[in-house]
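To keep things clear, I will list the structure first and then write my remarks on it.
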Amino acid sequence: VADQELEALVRAHEAALLRLAYLLCRDSGRAEDLVQDALVRVLRRWRQVGVPDSPFGYVRKVVITEYLAWRRLRSATERVGPVEGDEVPDPAAEVADRVLMWRLLGELSPRARAVLVLRYYEQLPDAEIAAIVGCRLATVRSIAARALHGLRAHPMLAEVLEEA
Amino acid sequence: MDRLETLLAQTLNDQADRAPTGPVPLVEPTRRTRSTIVVAAAVFTVITVAVVVAAVHLSGSTSRSTHRSQAPIAPNVGEGFRLASYGSVSLHVPSSLATRTSPCGSPASNEVIAFEGNALLCSEATNRLASDPGTVVWFSSTGQATPYAGIPTSPEQIDGHAAESGYATDQPDLGTGISGVVVLPDQHITVGVTAPTQDVVDEVLSSITITDVDPFGCAANRHSAMTTPPGPADVLVPAGQAIAIRCEYSSQTDSPVGNRLIGSYRLDPADTDRLTTALNALIPDPCQCVHGGTAAPGHAEVLYFHYSDGSTLRIDGAIGANLDEYTNQARTVANFSSSIAQLLGQLTNEN
């Protein structure tokens with residue numbers, strides 16, 4: 001049952017999971033690795049204890065926790081290469097702003113990036129983000145506030161925001 | 001959403017289109033190097049533990065008669081913040097805030113309130129924040145009247161304990177600024193914070209941890225404080241380079257909040273010298289009225305002196321109405337004025 005449930009879930013939500021993973025990892029290969037790792041872990045778990053009430057929510061949480069654990073394990077050995085998509089700025093100013101924003105997102109801590117992706121891409125409420133990331137509601141708010149403050153204070157982005 | 005948040009959302013949506021499309025095989029991955037990293041981490045951990053154990057053994061070769069120090073005395077607190085503890089709750093507060101142990105008499109303003117007194121002695125009217133309170137961190141027993149009682153809360157978990165938390169901006173008793181509250185029913189503790197900005201409120205509330213022994217080594221309750229062998233009989237506090245930790249405990253004896261921690265501080269070496277000199281100047285106390293039980297203590301102090309050789313000495317202080325006593329379990333001294341209590345308050349609130 002667990003295998004069938006997971007296969008069905010993957011068919012329905014694989015693209016969404018890969019998108020989430022890509023926004024976290026910023027690399028196609030790593031995003032696929034992350035989703036695969038998460039799904040294997042989920043499958044093992046479901047075979048043991050059964051399928052939870054909210055299967056997609058569960059898988060999404062595992063993707064986030066795997067990502068945060070991954071980053072901790074790999075941070076000492078991982079070399080951050082050029083980030084896909086930010087090496088060729090589009091001449092259009094608006095696209096250039098987004099390229100800049102994408103680059104700055106890459107400079108955030110994994111935890112802060114995860115919080116912003118869940119809040120502004122997945123559009124989840126802070127309470128749900130806290131449950132996924134495994135911290136307190138106040139911590140999510142604090143992480144998000146500090147990350148936004150850091151972005152806002154970046155000289156190049158401040159210039160963009162001022163012009164707007 | 002403001003312009004920044006809109007740009008952020010647009011950027012994430014754009015970039016998501018670059019994500020791979022799969023399919024992702026549902027088989028055990030083989031390309032990762034995680035096992036290598038885990039093994040390396042394990043080896044590193046084993047080596048680190050071995051080095052630490054060896055260091056502890058080596059430092060023990062010149063042992064005093066006193067207890068080996070186990071308390072970490074340099075908690076990881078961000079710049080501009082200091083540690084504050086109340087019972088089993090430890091958190092970070094702006095370092096500019098002094099601590100007082102009762103909100104009676106005047107509204108709170110720019111301070112940490114560790115309310116350990118009897119609520120009946122303070123009317124609710126005095127439990128108010130000043131109209132412009134600056135930053136206030138408020139500890140009290142759950143159920144006591146506080147200005148934070150009106151904030152709507154929602155459930156959450158802190159360190160595995162059920163909690164309720166909430167925020168407000170315009171509550172009548174909270175003055176100006178942003179306020180937040182965390183209620184920990186099973187710890188019988190309420191923590192309220194008011195500050196001019198959300199950042200500070202979040203910083204304080206998100207730093208809450210629930211622990212039996214705080215990062216300075218102060219136990220949540222005096223009865224479970226770390227014990228050490230008796231000190232010398234000829235001097236209360238032996239000479240030597242030391243860092244003093246002050247654990248201040250409530251005089252309330254009612255279970256479950258009795259004798260709980262209401263303040264936790266570290267003194268720097270210069271202040272430790274001042275305190276040592278003042279304590280050693282006190283005369284021996286033949287009466288032992290406070291520790292002997294004939295005078296009810298106002299509150300209790302446990303002072304730990306962590307010496308540079310790794311040993312620790314515990315001094316117990318009982319602060320009475322007319323008499324204070326301090327003992328290292330071999331020597332007890334008396335103080336017929338409040339000079340030590342005042343000195344402790346002065347030194348610790350400077351930290």
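Residue numbering restarts at 1 for every chain, and letters A, B, ... go by the order of the sequence lines. Computed from a predicted model, the values in this text were never measured in an experiment.
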A:A31 meets the side chain to side chain contact (heavy atoms under 4.5 Å, CB included) criterion, sequence neighbours left out, with A:A21, A:Y22, B:P20
Contact leader toward chain B among A:L151, A:L148, A:L104, where contacts are heavy-atom pairs under 4.5 Å:
A:L148
Do the rings of A:Y58 and A:W46 sit parallel, tilted or perpendicular, given the 30° and 60° boundaries?
tilted
Please state whether the side chain, the backbone, both or neither of B:V182 comes within less than 4.5 Å of a heavy atom of chain A.
side chain
Verify, without hydrogens or angle tests, whether A:R113 (side chain) and A:L24 (backbone) share a donor-acceptor contact under 3.5 angstrom.
yes
Contact origin within A:L116 toward chain B - heavy atom pairs under 4.5 Å
both
Return the option, out of B:T21, B:L205, B:N13, B:L8, with the maximum number of heavy-atom pairs under 4.5 Å with chain A.
B:L8
Side chains of B:Y148 and B:T194: do they bring a donor and an acceptor to under 3.5 Å?
yes
Tell me every residue that passes salt bridge (charged side-chain N to carboxylate O under 4.0 Å, His left out) with A:R152, counting only those two or more places apart in sequence or in another chain.
B:D2
Enumerate by number any residue of residues 138-146 of chain A whose heavy atoms lie under 4.5 Å from heavy atoms of chain B; in the absence of such residues, state 'none'.
A:A138, A:T139, A:R141, A:S142, A:A145, A:R146
Determine yes or no for a side-chain-to-main-chain donor-acceptor pair under 3.5 angstrom, with B:T142 supplying the side chain and B:I189 the backbone.
yes
Just by distance, with hydrogens left out, do B:S141 and B:R260 show a side-chain donor and acceptor under 3.5 Å apart?
yes
Non-neighbouring partners of B:T153 that pass side chain to side chain donor-acceptor pair (under 3.5 Å), sequence neighbours left out:
B:E164
Give, as side chain, backbone, both or neither, the part of A:L157 having an atom under 4.5 angstrom from any heavy atom of chain B.
side chain
